[in-house]
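Bear in mind the structure is a predicted one, so any value in this text is a computation, not a measurement.
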Amino acid sequence: EQLVESGGGLVQAGGSLRLSCAASGFTFDDYYIGWFRQAPGKEREGVSCISSSDGRTYYTDSVKGRFTISRDNANNMVYLQMNSLKPEDTAVYYCAADPFRYDYIGPVPCDTDFRSWGQGTQVTVSS
């Protein structure tokens, strides 16, 4: 299982970035995919996750209305469109994947127990 992030960079507050995650080595359709972030001195947190086939999503409260997650199952890609960026969004952003939980009924999981992780991409928002 391999995940490779791209699209990070330096942007001014109020600006936008689009992160991409290219997945390989596993059956993409059978996995939850999520974006997580870790700022200096803080714990890694789930930003947004998307279910395997029905498109259900989860967003942490601080990004609702600003970030949009999407997935392209035909090309094994996941995206995170980030608008109205704030300095507090500055972090290393990671793409992660976890097998679909067939026996689970509930909100889309977005926890740091996901099985596979990318190397991360830095997002820096200047004020």
Trainee: Would you please test Phe67 and Trp35 for ring-ring contact (aromatic ring centres under 6.0 Å, His included) and show each step?
Mentor: CA-CA 11 Å; Phe67 290 10; Trp35 287 98; over 10 Å; no
Trainee: Pick out which of Asn73, Asp98, Ile50, Asn76 makes a side chain to side chain contact (heavy atoms under 4.5 Å, CB included) with Ile33.
Mentor: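 Of all the options given, the one that passes is Ile50.
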Trainee: In this structure, which one of Asp89, Thr90, Thr121 forms a side chain to side chain donor-acceptor pair (under 3.5 Å) with Arg37?
Mentor: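 One option only clears the test, and that one is Asp89.
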Trainee: Any chain of hydrophobic side-chain contacts (each under 4.5 Å) joining Leu3 to Val123?
Mentor: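 Looking at the clustering, Val123 is in the same group as Leu3.
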Trainee: For residues Tyr104 and Pro109, report the shortest heavy-atom separation together with the two atoms involved.
Mentor: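 What the structure gives for the nearest pair is CE2-CD, 3.9 Å.
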Trainee: A side-chain contact here means heavy atoms from C-beta on lying under 4.5 Å apart; do Asp72 and Phe28 qualify?
Mentor: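 No, side chains not in contact.
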Trainee: CZ of Arg44 to OG1 of Thr112: how many Å apart, nearest 0.5 Å?
Mentor: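 Answer for the CZ-OG1 pair, Arg44 versus Thr112, is 8.0 Å.
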Trainee: Would a 4.5 Å heavy-atom cut-off, applied to side chains only, mark Met77 and Ser20 as touching?
Mentor: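 The answer is yes; the side chains approach within 4.5 Å.
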Trainee: I'd like to check Pro99 versus Tyr31 (side-chain heavy atoms, cut-off strictly below 4.5 Å). Are they in contact?
Mentor: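 A side-chain contact exists here, since the closest heavy-atom pair is under 4.5 Å.
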Trainee: Find out whether Ser126 and Val11 are in side-chain contact, i.e. whether some heavy atom of one side chain is under 4.5 Å from a heavy atom of the other.
Mentor: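 A side-chain contact is absent here, since even the closest heavy-atom pair is not under 4.5 Å.
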Trainee: Is any side-chain heavy atom of Tyr93 closer than 4.5 Å to one of Gln38?
Mentor: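 A side-chain contact under 4.5 Å is absent here.
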Trainee: Have a look at Met82 and tell me which of Leu19, Val125, Thr68 forms a side chain to side chain contact (heavy atoms under 4.5 Å, CB included) with it.
Mentor: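 The option that passes is Leu19.
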Trainee: Decide whether a cation-pi geometry holds between Arg18 and Tyr79; the criteria are a distance under 6.0 Å from NZ or CZ to the six-membered ring centre and an angle within 45° of the ring axis.
Mentor: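 The answer is yes, since Arg18 meets both limits relative to Tyr79.
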Trainee: Is there side-chain contact between Ser16 and Gln81, with heavy atoms separated by less than 4.5 Å?
Mentor: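 Yes, their side chains come closer than 4.5 Å.
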Trainee: Output the distance between atom OG (Ser48) and atom NZ (Lys64), rounded to the nearest 0.5 Å.
Mentor: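 Going from the OG atom of Ser48 to the NZ atom of Lys64 covers 10.5 Å.
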Trainee: To the nearest 0.5 Å, tell me how far Lys86 NZ sits from Ser62 OG.
Mentor: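 Between atom NZ of Lys86 and atom OG of Ser62 there are 7.5 Å.
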Trainee: Taking the six-membered ring of Phe26 as reference, does the NZ or CZ atom of Arg115 fall below 6.0 Å from its centre and within a 45° cone about the axis?
Mentor: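 So Arg115 doesn't make the cation-pi contact.
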Trainee: Would you indicate whether the side-chain heavy atoms of Val108 and Cys49 approach each other to under 4.5 Å?
Mentor: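 They are in side-chain contact.
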Trainee: Are the ring centres of Phe100 and Tyr32 closer than 6.0 Å?
Mentor: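 Close enough - the centres of the two rings lie under 6.0 Å apart.
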Trainee: Counting distance only, does the side-chain N/O of Glu5 pair as donor-acceptor with the main-chain N or O of Gly120 below 3.5 Å?
Mentor: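 Yes.
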Trainee: So that I can tick it off, tell me whether Arg101 and Asp111 are bridged by a salt bridge, with the cut-off set at under 4.0 angstrom between side-chain N and carboxylate O.
Mentor: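 Yes, this pair counts.
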Trainee: Within the structure provided, determine whether Tyr58 and Ile69 are in side-chain contact (heavy-atom separation under 4.5 Å).
Mentor: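 A side-chain contact under 4.5 Å is absent here.
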